[in-house]
Amino acid sequence: MKTSLKLNRDEIQHIESVYGLTIKTSAFLGEGSGNTNFLIETNIGDCVLSIIEEQTRDEVEIMANTLVWLALNELRTSLLISPKQQENYAITLRGKPSLLRTFVHGHVHKDLSERMLKQLGVTMAKLHEIPAPDFIGDSIFYEQKKFMDTLDANIDIEYENWAKLRLSELAVDRIHGLPTSVIHSDLFYDNMLFDGEHFVSMIDFELACIYHSVFDIGMAIVGTCSIDGELSLTKAKSLITGYQSRRVILETEFNVLKTYTEYAAVLTSLWRYWRYKIYQSEEHNAGKYLEMMTLAKNIEGADFSTLVKPSTNAVSRDNRLDTIYDI
């Protein structure tokens with residue numbers, strides 16, 4: 001194992017000192033899109049240390065405060081562990097801001113069952129009901145200028161022209177008056193954990209922001225409701241059924257659900273294009289943006305009228321699936 005994928009003795013001692021705990025073992029857990037994670041066994045239980053490489057310290061502090069806010073509002077996710085010797089949540093390790101969180105035991109499932117999707121829908125609705133704090137921004141991560149600039153990279157001109165056209169025709173910047181809330185904004189299957197078919201937790205709230213709730217629903221459809229690159233309206237219906245058991249999707253939201261679902265797929269393809277073709281070329285991931293483009297085209301041709309219709313009735317506690325699934 002490479003040295004960079006191990007915590008050395010000085011780093012372990014620093015973590016123990018700052019957090020006032022004892023580390024028994026540590027092991028490389030994996031790399032995300034912009035962080036390196038270590039599983040640490042401590043005297044207070046299993047924890048995850050994340051060295052966050054592509055976000056500023058201020059952004060990491062917002063991320064930490066978001067986790068604290070979610071915990072206060074009883075949403076199931078990893079709990080932040082606060083340093084004992086400083087006011088800020090982030091410590092510095094390898095020159096980068098880093099956070100320590102509880103390790104959530106559970107498993108990732110790529111193919112979610114009807115029961116699992118309903119539980120995800122319920123949890124997403126619960127997230128959207130949480131009061132929005134004033135420290136979370138209202139900008140979607142995937143809309144950053146550096147991603148949009150790749151549309152003129154002249155690398156895959158056919159793809160770039162397609163993405164420009166779809167973004168222009170979707171015209172989400174002209175959609176106004178929709179309900180906003182705290183959204184996860186990256187609800188792919190690998191950002192949720194299950195114990196068997198029982199929902200355990202949403203994880204990885206790094207991209208959380210305040211935006212249209214329906215965008216989060218669309219992104220969740222993109223991230224959890226496809227089979228071999230094709231949209232499954234059956235899966236999407238289960239997700240929305242769970243969601244509407246707790247929060248009503250307004251007619252104004254339902255009318256643009258397909259638009260926002262395709263928009264989520266186009267933005268994801270654009271991020272993959274930037275990430276794997278321009279910023280950090282990776283041969284084994286080089287075609288990932290094309291897979292998402294295919295899904296976006298599939299969504300464009302789908303008939304969303306077959307999904308659950310919006311309801312004007314308030315949700316009864318007796319009909320809410322969170323009372324059944326204990327979410």
Side-chain angles (χ1 to χ4, degrees), residues 33 121 124-125 127-129 132 136-153 156 158-188 191 205-226 231 233 236 239-240 243-244 247-275 288-310:
S33 59
M124 182 166 45
L127 170 64
H128 294 168
E129 290 175 340
I136 296 181
D138 58 1
S139 299
I140 299 177
F141 170 82
Y142 292 106
E143 290 183 336
Q144 290 183 64
K145 183 178 183 297
K146 63 182 177 182
F147 305 146
M148 297 299 174
D149 285 346
T150 63
L151 294 173
D152 295 311
D156 182 340
E158 182 179 353
Y159 166 77
E160 292 169 15
N161 288 338
W162 167 82
K164 286 179 185 177
L165 178 63
R166 292 312 300 147
L167 289 173
S168 173
E169 292 180 344
L170 290 169
V172 297
D173 58 322
R174 295 202 291 268
I175 300 175
H176 303 288
L178 298 176
T180 61
S181 64
V182 176
I183 67 169
H184 184 288
S185 82
D186 195 28
L187 283 173
F188 275 67
N191 279 334
F205 277 85
E206 285 87 346
L207 309 186
C209 65
I210 297 171
Y211 189 60
H212 297 152
S213 305
V214 68
F215 173 81
D216 225 17
I217 302 172
M219 184 63 83
I221 291 173
V222 169
T224 65
C225 298
S226 64
L231 174 68
L233 289 173
L239 177 74
I240 291 174
Y243 188 93
Q244 291 220 117
R247 177 188 175 267
V248 171
I249 297 177
L250 302 180
E251 185 172 2
T252 53
E253 294 177 294
F254 192 84
N255 289 341
V256 294
L257 176 58
K258 178 178 175 180
T259 296
Y260 272 99
T261 303
E262 186 187 349
Y263 183 58
V266 174
L267 289 184
T268 303
S269 76
L270 189 58
W271 177 85
R272 292 180 177 184
Y273 186 60
W274 170 82
R275 179 79 190 188
K288 291 289 187 181
Y289 72 98
L290 295 175
E291 294 176 7
M292 192 54 61
M293 179 177 73
T294 299
L295 179 58
K297 291 180 178 180
N298 188 249
I299 293 167
E300 181 186 0
D303 181 8
F304 270 50
S305 67
T306 62
L307 298 180
V308 179
K309 295 294 183 180

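For reference, positions follow the sequence shown, starting with 1.
For Y159, the ring pair (Phe, Tyr, Trp, His ring centres under 6.0 Å) partners are W162, Y273, Y289, not counting sequence neighbours. Legend: residues meeting side chain to side chain contact (heavy atoms under 4.5 Å, CB included) with T252, ordered by chain and number and at least two apart, are L178, L250. Under the side chain to side chain contact (heavy atoms under 4.5 Å, CB included) criterion, K146 pairs with Q144, W274, not counting sequence neighbours.
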Item checked: Check against side-chain contact (heavy atoms from CB on, under 4.5 Å), L231 and K297 -> CA-CA 10 Å; L231 174 68; K297 291 180 178 180; over 6 Å; no
Item checked: side-chain hydrogen bond (donor to acceptor under 3.5 Å, both in side chains) between Y142 and D186, worked out -> CA-CA 10 Å; Y142 292 106; D186 195 28; 2.8 Å; yes
Next item on the list: Test F205 against I136 for side-chain contact (heavy atoms from CB on, under 4.5 Å), laying out the working first.
Entry: CA-CA 11 Å; F205 277 85; I136 296 181; over 6 Å; no
Next item on the list: Dump the intermediate steps for side-chain contact (heavy atoms from CB on, under 4.5 Å) on D138 and T180, then the final yes or no.
Entry: CA-CA 10 Å; D138 58 1; T180 61; over 6 Å; no
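Aromatic rings from F141 and F147 are positioned such that their centres are separated by under 6.0 Å.
The minimum heavy-atom distance between L127 and H184, with the atom names listed, is CD2-N, 3.7 Å. Closest of all the heavy-atom pairs between A132 and I210 is CB-CD1, 3.7 Å. Across H128 and V182, no two heavy atoms sit closer than the pair CD2-O, 3.3 Å. For the pair H212 and I183, the tightest heavy-atom approach, listed with the atom from each and the gap, is O-CG2, 4.0 Å. K164 and L151 get closest at one heavy-atom pair: CE-O, 3.0 Å. The nearest pair of heavy atoms linking S185 to A208 is OG-N, 4.4 Å.
Side chains of I299 and V222 form a contact here, defined as non-hydrogen atoms less than 4.5 Å apart. Considering only heavy atoms from C-beta on, Y263 stays 4.5 Å or farther from I175 through its side chain. Between I217 and E253, the closest side-chain pair of non-hydrogen atoms is not below 4.5 Å. Proximity of T268 to L295: side-chain heavy atoms (C-beta onward) are nowhere separated by under 4.5 Å. Looking only at side-chain heavy atoms (C-beta outward), R166 and E300 come within less than 4.5 Å of each other. Two residues are said to be in side-chain contact when any heavy atoms from C-beta on lie closer than 4.5 Å; L233 and F304 meet this criterion. With a 4.5 Å cut-off on side-chain heavy atoms, E129 and R247 count as touching. Counting only heavy atoms from C-beta outward, the side chains of M219 and Y260 never approach each other to under 4.5 Å.
Between S213 atom OG and Y243 atom OH the span is 5.0 Å, to the nearest 0.5 Å. Separation of atoms CE (M124) and CG (L239) is listed at 4.5 Å; rounding is to 0.5 Å. To the nearest 0.5 Å, the span separating CG on L290 from OG1 on T294 amounts to 7.0 Å. Put simply, CD1 on I140 and CG on L207 are 10.5 Å apart, with the number rounded to the nearest 0.5 Å. Distance check: L257 CG to I249 CD1 gives 6.5 Å after rounding to the nearest 0.5 Å. Atom CE of M292 is separated from atom CG of N298 by 11.5 Å, given to the nearest 0.5 angstrom.
The number of heavy atoms from other shown groups lying within 6.0 Å of CD (E158) does not exceed 12. Heavy atoms from other residues, nucleotides or ligands lying under 6.0 Å from CG of D303 number more than 12.
A donor-acceptor pair under 3.5 Å links the side-chain atoms of T224 to the main chain of A220, judged by distance alone. In this structure, the side chain of N255 engages the main chain of E251 through a donor-acceptor pair within 3.5 Å.
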